[in-house]
Amino acid sequence: MKKKTKILFVCLGNICRSPAAEGIMQKLVNKENLDNNISVDSAGILNYHEGELPDRRMRNHAEKRGYNLTSHSRPVQIADFYQFDLIIAMDDSNFDNLLEMAPDLETKQKVHRMAEYLQRYMNDYIPDPYYSGADGFELVLDLLEDACSGLLKEIKTASPPDN
Ligand code: 4NP
């Protein structure tokens with residue numbers, strides 16, 4: 001791959017869905033030795049949980065699948081729209097908020113929905129698990145594993161490795 005693809009995953013609080021997406025994608029990137037080609041980060045629309053580790057429930061469910069979620073919550077900043085190549089929203093509300101924040105047409109075009117990359121699931125968005133039970137967290141992880149694998153395939157197709 002020629003240029004490094006920088007991905008920012010975004011949800012509302014940056015303590016459940018987007019840090020899980022970050023951890024899942026990072027593991028895929030590591031597994032395929034693509035650290036020089038793809039970087040991942042996450043952020044939230046809200047600053048309400050700034051500095052916090054991911055929600056304990058999400059950390060526990062992710063841990064059972066082999067993901068260690070260690071990022072700290074931070075809000076999306078305007079600089080992110082210039083810094084990242086792909087800014088990926090978990091649901092339509094996050095998507096609309098990001099489009100409102102994006103400074104210009106070029107940066108608006110970086111904003112995508114996570115559901116675009118689903119391969120096996122037909123969901124339109126990644127549901128907020130915050131007020132759900134264990135099933136909600138498991139569903140989010142199922143959806144994110146599917147979408148991260150689809151996203152990786154798409155990046156590799158768009159920008160194949162040199163060798
Ligand atoms: P997330 O879940 O957007 O997946 O991190 C949420 C976390 C916190 C809140 C809402 C959603 N909250 O309102 O505090």
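Numbering of ligands and ligand atoms starts at 1, following listing order.
Less than 4.0 angstrom separates some heavy atom of Tyr48 from each of these atoms of ligand 1: 14 (O). Distances below 4.0 Å separate heavy atoms of Ile15 from the following atoms of ligand 1: 5 (O), 7 (C), 8 (C).
With distances taken over non-hydrogen atoms, the option nearest atom 13 (O) of ligand 1 out of Ile45, Leu46, Asn14 is Leu46. Among Ser73, Ser18, Cys16, Gly44, the residue whose heavy atom lies closest to atom 5 (O) of ligand 1 is Cys16.
Looking at His61 and Glu138, their side chains do bring a donor and an acceptor atom within 3.5 Å of each other. Tyr121 and Glu145 share no side-chain donor-acceptor pair at under 3.5 Å. Remark: the Asn14 side chain and the Ser42 side chain contain an N/O donor-acceptor pair separated by less than 3.5 Å.
Checking side-chain atoms of Asn97 against main-chain N and O of Ser93 turns up a donor-acceptor pair under 3.5 Å. Remark: side-chain polar atoms of Lys110 are paired, donor with acceptor, to backbone N or O of Phe84 under 3.5 angstrom. A donor-acceptor pair under 3.5 Å is absent between the side-chain atoms of Arg17 and the main chain of Val10, judged by distance alone. Without hydrogens or angle criteria, Ser159 side chain to Lys156 main chain gives no donor-acceptor distance under 3.5 Å.
For ligand 1, one of its N or O atoms has an N or O atom of Gly13 under 3.5 Å away. Residue-to-ligand polar distances keep Tyr131 apart from ligand 1: every N/O pair is separated by 3.5 Å or more. Some N or O of Leu12 is nearer than 3.5 Å to an N or O of ligand 1, by distance alone.
Protein heavy atom in closest approach to atom 2 (O) of ligand 1: Asp128 OD1, 3.3 Å. The protein heavy atom nearest to atom 1 (P) of ligand 1 is Cys11 SG, 3.5 Å.
Contacts between Asp55 and ligand 1, counted as non-hydrogen atom pairs separated by less than 4.0 Å, are absent for every part of the residue.
Residue His49 places a heavy atom under 4.0 Å from ligand 1.
Between Pro129 and Phe137, the closest heavy-atom pair is O-CE1, 3.4 Å.
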